[in-house]
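Before any comments, here is the structure.
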Amino acid sequence: MIKQVQSTYNPAELEKKVQENWIRNNIYRKVKELRSSGADFYFVDGPPYTTGSIHLGTAWNKSLKDTIIRYKRMQRFNVRDQPGYDMHGLPIEVKVEQSIGVKSKKEIEDYGIDKFVSTCKNFALDFQKRMTDQFKELGVWMDWENPYLTISPEYVEAAWWTLRRAFDKGLLISANRVLSWCPRCETALAEAEIEYWDESDPSIYVKFPLRDEEGVSLLIWTTTPWTLLANMAVAVHPDFSYAKVTYSRKDGKEKETVILLEDLAEEVGALADWDEYETSELIEGDDLVGVEYLTPFLEDVPRQREITGKWAHRVIPSSTVVAENTGLVHIAPGHGPEDFEIGQEFGLEAFCPVDENGRFGPEVGEKFAGMQARKANANIVQALREKRLIFYDHTLEHRYGHCWRCDSPIIYRTTSQWFLRVTQIRDMMLEEIDKVRWTPDWAGSSREYDWAVNARDWCISRQRYWGIPLPVWKCQCGEMRVVGSVNELRGAEGFREGMELHRPWIDAVTLKCDKCSGRMKRVPDVLDVWFDSGVSTWAQLGFPGSRKELDRWWPAKWITEAHDQTRGWFYSQLAAGCIGFDRAPYESVLMHGWILDPQGQPMSKSKGNVIEPSEIIAEHGADALRFYLMKANAPWEDIAFQHEGVKNARRTLNVLWNVCNFATTYMSIDHFDPLSVDYSRLSSVLRPEDKWLISRNEKLKNEVAKHIESFELHKACRSLEEFILDDLSRWYVRLIRDRMWREEGDLDKTAAYKVLHESLLSVAKLLAPFCPHITEEIYQNIDGSKGSIHLLDWPAPDLTKADDRLEGAMSLVKEIVEIVTRERQSRGVKLRWPLRRIAVKTNTKETLDSLKTLETVLISQANLKGVEFVNPDEVWKDMILSVIPNPLAIGKVYRQWSSKIAILLKSRPAAQIKESVEKGEYSLGVEGQMIKIEQNMVSFTTSLPSDVTSVKFSEGEIYIDFHITPDIEAEGFARDLIRRIQQMRKDMDLDVEEFITAKVKASTKLIEFFKVWKDHVMKETRAKSITFTEQPGGESLVSWEVEGESIEVGVTSLHTRESIGQFSAIPGLSRDSALGLVEAGYKSPSDLKSLSEDAIVAIRGVSKNDARKIAHYLLKIGIGPEQNCPDCGNPVKEGAATCPSCGKDLVVRGRSMPKEKLIPYLLRIPRMNKVKAELLYDAGFDSIEKIESLSKDDIRRVKGIGAKTAEKVVAYALAGGFEDQVSCGKCGTDIPPDALKCPSCGADAPIEIVGEGEVEDETEANGVDDYKLEASFT
RNA sequence: GGGCCCAUAGCUUAGCCUGGUUGGAGCGCCCGGCUGAUAACCGGGAGGUCAGGAGUCCAAAUCUCCUUGGGCCCA
């Protein structure tokens, strides 16, 4: 059954209601149940990090996922939708540190690792709950009751299993490497954990004196002076050209000789402000290799003196050297990853004198020991200056890495860490990237590929607490075991079933060494948190605990995350998948963008430009937010978030809602049942516009599915939006309004209902994955049979119903309507005023024919009286053809007559001349002579008739006739009157079905117009009567200005609805009878007191049966014969003509009156006599109201009444004759308009009837005044 | 410094792959209309050196190169 929707779209209220209904009716579970037999679709949720609140990016991410999941479910897939949360790691540790007020690892250990880790867990669980609530608010449907958590024992076990696989394959190793290190967090950092921003550092050019050539130095450049303490070599590019350059001052006091890249000599000299330089020798890079130099801190750092090796403190070749700064690079293998690699190659020691806190150890000597490495820069530069080794120094702003959690600048240190040797499986990863379907494809082929190509071995160990413990147990004897499952720990010392697998509890578990029987202890490290999420595809399936689910679902069919996950989850899964299962764990990846602030900058708390999703949702609703995010851009592009965009999306949804409101209003009034009608029954009555909407709708189904399949969700949304706004709301609803308003039901109206209903239903379905709330509410109102829209199947398009020709024709109609509208506007002719006609001429016959099928649409939408179609090869018949005489040619033949001929020619019909001339010649008589006009003597032009404009359109030309005829003017004004009355109805807050009476005052011209259109006006405005009078009155009275004319309108509600309600008190009374009573002017049962049963039966619409019921009711409730005077309220006797108390005449205007009562009123009209009055009465004009509303023509139609009398009646009514007071001819007292006797002296109202009546001859044009009727009113 | 993506009206964007009438929309602005969907809706107008430069071509928003600016990822 169709239910009328709420009249306004209130997203907050609607979404709350819908979500509550989902819960109450268990809809989510029902959907899963319904689809459980469908094909499996393994979706994997990239677990968001539990920070506590979601940001817009997360909202977008989850909305995308939800949309695809819902779509897949409508496609009958059985979608696995377990949400995940990433809960370990430094961010939470840092938060907990802040909350308990500790700053270092030592303080954490003093506080107690158990307490610390427990707090971390509580934080994470709390955040998880909060985020879940926010996701639910967005309308995201995932299995919130059963999320996968990276901190659960099963999850930890899955990570262990994977590491065990790596170990078995030789991919898990422990090694000394140079790594980024956070001196505050005292842990190694992965590349993914470093954030770069500008930092100010010393930039120094340092001289490394050659051992064997006095006065000559290698010139190196560095921004990390502190690493010079660990300098081991200097690298040059073997293919570059270097030079020995001597810089000098003009005064000759100073000079320096250094070796640097030849091309940079000038630049470097200018930098250090030397006056002159001279190149004394060119040296190829190759030739510098092996040259020995004195490392700057040889004296200060004891270890430097102990360094040995073939390449120690010598120049070495490296192709990584670039031609910048000096072209020579200082190498400290202990403090730089590339340096380390070069060091490995040349057997250089990775000397790393910096401890985990970033401080120099004793090995650097007294001078620097204990200093923070980066803070020692100034001291080191000073020391170099003292050694006179500084060539030039300044300060430089450059990008520098920082810890992602505490923002400390990182340093590079050499430590022993655990690595996944992903470099060993790089080829496999690259192949797998190629096999995956990436959207857009460059996300894989370029970005992920690029990252994997450059990937280094992955350091997965962290020297922290809150993480998956590294499952490595080591014995003092050197034996090592990697545990791949909890099962392997059973029976171990310290193990308890169901124990916490986190630190510190797991640390208490020791294993027995197989080799030496000693105790194996766990390596204290935890895993890099980025590794956690890498195993999610099998961890959430309970693998390795059980294999069943893995076999059923794995690998993931589809995942989606933002582009930063190239190095994150896309990669961690790829690596983990290749380790665990020798393949990528996903088949299709959609890489989406970021939400930036309105200026295009990333949102961040520090910038203070964060926009909260909850605020947007509170204002515009989750549906609007989702719709905006989906349609704003292609998913893979960033969105600069715009509030206006959300507002706009909401507006679109609002329009959809309004269409639905419109549809359900009428459908529910008419009890339209969509199920009882099907298209096969309607096919013969469908109008072209119906078929057009069906065509558009079927195409839409096709398009939306196509776009979703290719993840072009923006296109899907834009297609939907266009359909809703342009096709449905702005066009189809406009076209069918007239049909909807029709009171009687017929197939034509039913067809419109059916088509509108069908397309609303299918739009709701297509939009359901994007906007799950509003579509649900719409569905509940227009159908609801299946319990929820989300239980429905995706609508399959039926393209046999698509009709391109019809669509093309319709868009031409739209174009023409727009042109006409535009032309109206420029001429100030409003749409309410019909145009006489337009003529349409097209370029092809086909176009013309297809336009003809839409003629009625064109006429109604452009508001025309008619359309003329002109064939492509024809000239519009009303074009004015004129002849242009050619005086030269005429003059040659008929010299003296030529000017006369010209004048004569112009006076003849041009078409005739043309026709004749084309056949041969045209004959013309001039002064008795026959003149022959030949073709060369005339030419022709066509021009537009006056008031006609021609405009070109894409398929031809149209002629618009703006000529206003009186008929058009009348219709225009009538429409204006309708519109004013409708406005007043609205202002009076009247029900759509309510009846009214209207009184109108306007100029005589307008009144004549209105009378022509009276029936139409009454019908349109549900007026029971319209009276034209000088003194309009009513419940509402408004003066309008229309086209310079003033119109005064009084509207009175008949309170039908209310009154019908009143009559429902009468037992068994039918609605029709009640309506009859109301329409006769009775408002409540007490109004009926004065009526006899016969009188009641006489009322139109009241059945005999009902009249008896009414009479019975009146008797029963004891309403006596008495009634109350409507004027003074005092009781009066039934049937009394006047009130005994106030003298008021009790005749109610508008109610039919007995003949003998009405006639005296009519006799007050000039030219009226008794006979004519009776004729009028007998013709059915039996009340004052009816008489007042008559037009001249109405009256003349009454046999026996002539034009003059008719005129007088109208004039009398118009002048307010029935309204105006008259003064008593005897005593001068005012007599009320509807009284017949003077209330003061009782004299008859001043009307003198001079003679008996005679019937006028109806053909009599100028009837003689047979009677003198005098009334003393003015 | 490298890889990828992006740049079209005040704002958000379509068109670019596959070069070819006057570069389409929406929001905002100005003007008007409509009024039984109405705290809606519709129409019109103004507003564009298609980031800048060079090239290819009969023809470039579209293809190529360079520059500038923005985003992501890396160094």
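Hydrogens, waters and symmetry mates play no part in the numbers below; they use all other heavy atoms, side chains included. Numbered from 1 within each chain, the chains take letters A, B, ... in sequence-line order.
For A/Y753, the ring pair (Phe, Tyr, Trp, His ring centres under 6.0 Å) partners at least two apart in sequence or on another chain are A/F672. In this view, A/Y628 and A/F641 satisfy the ring pair (Phe, Tyr, Trp, His ring centres under 6.0 Å) rule, not counting sequence neighbours. Scanning for ring pair (Phe, Tyr, Trp, His ring centres under 6.0 Å) contacts around A/H402 gives A/W197, with sequence neighbours left out. Residues satisfying the ring pair (Phe, Tyr, Trp, His ring centres under 6.0 Å) criterion with A/F973, sequence neighbours excluded, are A/W833.
Atom pair A/E712:CD and B/A14:C1' shows a separation of 13 Å (rounding to whole Å applied). As rounded to whole Å, 16 Å separates atom P of B/A25 from atom NZ of A/K631. Straight-line distance from the CD1 atom of A/I639 to the P atom of B/C27: 19 Å, rounded to whole Å. When the P atom of B/U13 is taken as reference, atom CD of A/E722 falls 18 Å away, rounded to whole Å. Taking atom NZ on A/K715 and atom C1' on B/C16, their separation rounds to 11 Å, with Å as the unit. Rounded to whole Å, the distance from CZ on A/R824 to C1' on B/G45 is 19 Å. A/Y571 has its OH atom 12 Å from the P atom of B/C74, to the nearest Å. Summarising the geometry, the separation between CG on A/N633 and C1' on B/C11 is reported as 13 Å, rounded to the nearest angstrom.
Straight-line distance between the C1' atoms of B/A9 and B/A75: roughly 39 Å, to the nearest whole Å. Nucleotides B/U12 and B/G71 place their P atoms 14 Å apart, quoted to the nearest Å. Remark: the separation of the C1' atoms in B/A51 and B/A61 is 12 Å, to the nearest Å. B/G52 sits 10 Å from B/U62 when the P atoms are compared, rounded to a whole Å. Taking atom C1' in both B/G47 and B/C5, the straight-line distance is 30 Å, to the nearest Å. Between B/C57 and B/U67, the distance separating the two C1' atoms is 23 Å to the nearest Å. For the P atom pair drawn from B/G48 and B/C11, the interatomic distance equals 12 Å after rounding to whole Å. For the C1' atoms, the distance from B/C4 to B/G24 is 29 Å, rounded to whole Å.
Among the nucleotides B/A40, B/C27, B/C6, the one closest to any side-chain atom of A/E637 is B/C6. Proximity note for A/R718 (side chain, C-beta onward) versus B/A75, B/U13, B/A37: the nearest is B/U13.
At the phosphate of B/A39, neither OP1 nor OP2 sits under 4.0 Å from any side-chain N or O atom of A/N10. A close approach under 4.0 Å does not occur between any side-chain nitrogen or oxygen of A/R651 and OP1 or OP2 of B/A40.
Residue contacts for A/E1020: at a heavy-atom cut-off of 4.0 Å it reaches a base atom on one of the strands shown. Note on A/Q982: a base of the nucleic acid sits closer than 4.0 angstrom, heavy atoms only. Looking at heavy-atom distances under 4.0 Å, A/V655 makes contact with a base.
A/V422 has its side chain within reach of A/Y571: a pair of non-hydrogen atoms, C-beta onward, lies under 4.5 Å apart. Looking at A/Q601 and A/L596, their side chains never come closer than 4.5 Å, going by heavy atoms from C-beta outward. Between A/V453 and A/L430, the closest side-chain pair of non-hydrogen atoms falls below 4.5 Å.
Between the side chain of A/S729 and the base of B/A37, a donor-acceptor pair under 3.5 Å is found. At a cut-off of 3.5 angstrom, the base of B/A37 holds at least one donor-acceptor pair with the side chain of A/R737.
For RNA chain B, runs of at least 3 consecutive pairs of the Watson-Crick or G-U wobble type, with both hydrogen-bonding distances under 3.5 angstrom, map to B:1-7 with B:68-74, B:10-13 with B:24-27, B:29-33 with B:41-45, B:51-55 with B:63-67.
Nearer to the 5' terminus of RNA chain B, by closest-nucleotide assignment, is the contact made by A/V733 (compared with the other of A/V733 and A/N654). Place A/E338 and A/E644 on RNA chain B by their nearest nucleotides, and A/E644 ends up nearer the 5' end.
A/Y412 has its ring centre no less than 6.0 Å from the ring centre of A/W181.
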Expected rows: protein N/O vs nucleotides 70-72 of chain B N/O, under 3.5 Å:
unit_1 : atom_1 : unit_2 : atom_2 : d
B/G71  : OP1    : A/Q601 : OE1    : 3.3
B/G71  : O2'    : A/D638 : OD2    : 2.6
B/C72  : O2'    : A/R447 : NH2    : 2.8
B/C72  : O2'    : A/H563 : ND1    : 3.3
B/C72  : O2     : A/R447 : NH1    : 2.9
B/C72  : O2     : A/R447 : NH2    : 3.2

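Separation of atoms CD (A/E703) and CZ (A/F723) is listed at 10.5 Å; rounding is to 0.5 Å.
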>> Applying salt bridge (Lys or Arg N to Asp or Glu O under 4.0 Å) to A/R650 and A/D623, what does each step give before you reach the verdict?
In response: CA-CA 8 Å; A/R650 181 204 173 142; A/D623 282 343; over 6 Å; no

> Please walk me through it: do A/K699 and A/D727 pass salt bridge (Lys or Arg N to Asp or Glu O under 4.0 Å)?
Replying inline: CA-CA 12 Å; A/K699 281 193 179 169; A/D727 298 336; over 6 Å; no

